Amino acid sequence: MPAERAYVPAMSPPSAPALVTADDLLRTHVPDKRTELVRGVLLVREPSGSRHGLVTMNLGAELAVYAKHTGAGGVYAAESGFKLASDPDTVRAPDIAFVTRERLPPPSMTGYPALAPDLAVEVLSPGDRPGEVLAKVADWLSAGTGLVWVVDPERRVARVYRHDGSETIVTAEGALDGEDVLPGFSCSLASIL
């Protein structure tokens, strides 16, 4: 007896989710979560914990005082978004960002400035995955950020990534240096941990 052909209904291939734009992200509210946009895909994460917030604030305060005292530029608080790419849009939000005075968007600007900060700082939380952190570092550097600091409070180290591709590890006994991005700035890593 001949076998019958299996019945499989004609189905269209699964469609890709609609891409989100930077303007859509501005109007998106996900309660009690942190959001970013990567190549049109919305990323939603849990809020960071206590230690993360304390380390971020300690370093942000040091940077803000220095930038204000010297007039070097502006320091942005955690989760301020920067539009790094368009079509599809990428909006990344570092834990701390610094933009030089010459590149600062006007204070009245709303939305995400279409620029990469001169310095981006990421403070690791226990749940951060190395691949995701390196993807953020790559996005910052590819968009033109000159210096990226990734601070690891648990291991008491920081990794410094530069636009030229070089990388340095700073131990708790060392200091974060503003190099040519924020000349004259130096902060002991131990003092912010």
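It should be emphasised that the depicted structure is a prediction, and the values quoted were computed from it without experimental measurement.
- The stretch residues 121-169 participates, sequence neighbours left out, in no ring-ring contact (aromatic ring centres under 6.0 Å, His included) pair at all.
- In this structure, Val151 and Leu193 have side chains that are in contact, with non-hydrogen atoms separated by less than 4.5 Å.
- No side-chain heavy atom of Val150 sits less than 4.5 Å from a side-chain heavy atom of Lys136.
- The CG atom of Asp139 lies 11.0 Å from the CG atom of Leu134; values are rounded to the nearest 0.5 Å.
- Looking only at side-chain heavy atoms (C-beta outward), Leu176 and Leu189 come within less than 4.5 Å of each other.
- With hydrogens and angles disregarded, a donor-acceptor distance shorter than 3.5 Å links the side chain of Thr145 to the backbone of Pro117.
- Between the Ser186 side chain and the Asp177 main chain, no donor and acceptor come within less than 3.5 Å of each other.
- Counting all heavy atoms, side chain and backbone alike, Pro31 lies closest to His29 at CD-O, 3.6 Å.
- By the ring pair (Phe, Tyr, Trp, His ring centres under 6.0 Å) test, Tyr112 pairs with no residue at all, sequence neighbours left out.
- Other residues, nucleotides and ligands contribute over 12 non-hydrogen atoms within 6.0 Å of the CD atom of Glu102.
- The backbone N or O of Ala22 sits less than 3.5 Å from a side-chain atom of Asp89, completing a donor-acceptor pair.
- Not one N or O on the side chain of Arg92 forms a donor-acceptor pair closer than 3.5 Å with the backbone of Ala116.
- Applying the side-chain contact (heavy atoms from CB on, under 4.5 Å) rule to Ser125 yields the partners Ser48, His52, Asp128; only residues at least two apart in sequence or on another chain are considered.
- Remark: Arg45 CZ is packed, more than 12 non-hydrogen atoms of other residues, nucleotides or ligands lying under 6.0 Å away.
- In terms of the side chain to side chain donor-acceptor pair (under 3.5 Å) criterion, residue partners of Lys33 (sequence neighbours excluded) are, by chain and number, Glu46.
- Using a 4.5 Å heavy-atom threshold, the side chains of Arg27 and Asp24 count as touching.
- Evaluation of the ring-ring contact (aromatic ring centres under 6.0 Å, His included) test over residues 63-104, restricted to residues two or more places apart or in two chains, returns Tyr66-Phe185, Tyr76-Phe82.
- Note that CG of Leu115 is 5.0 Å distant from CZ of Arg103, once rounded to the nearest 0.5 Å.
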Stepwise side-chain contact (heavy atoms from CB on, under 4.5 Å) check, Thr35 with Thr28 | CA-CA 9 Å; Thr35 59; Thr28 301; 5.5 Å; no
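- Taking each heavy atom of Leu59 and Cys187 in turn, the nearest pair found is CD1-SG, 4.3 Å.
- Contact record, Leu19 with Pro88: CD1-CB, 3.9 Å, taken as the closest heavy-atom pair.
- No hydrogens or angles considered: nothing links the side chains of Thr21 and Asp23 as a donor-acceptor pair under 3.5 Å.
- Using a 4.5 Å cut-off between side-chain heavy atoms of Ile, Leu, Val, Met, Phe, Trp and Tyr, Val38 falls into a hydrophobic cluster with Leu43.
- Using modelled atom types, one side-chain atom of Asp95 and one backbone atom of Val123 make a donor-acceptor pair closer than 3.5 Å.
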Yes or no on side-chain contact (heavy atoms from CB on, under 4.5 Å) for Leu63 and Leu182, after CA distance, side-chain angles and deciding distance?
-> CA-CA 9 Å; Leu63 285 164; Leu182 195 53; 3.5 Å; yes
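- Between Pro94 and Ala120, the shortest heavy-atom contact is CB-CB, 4.2 Å.
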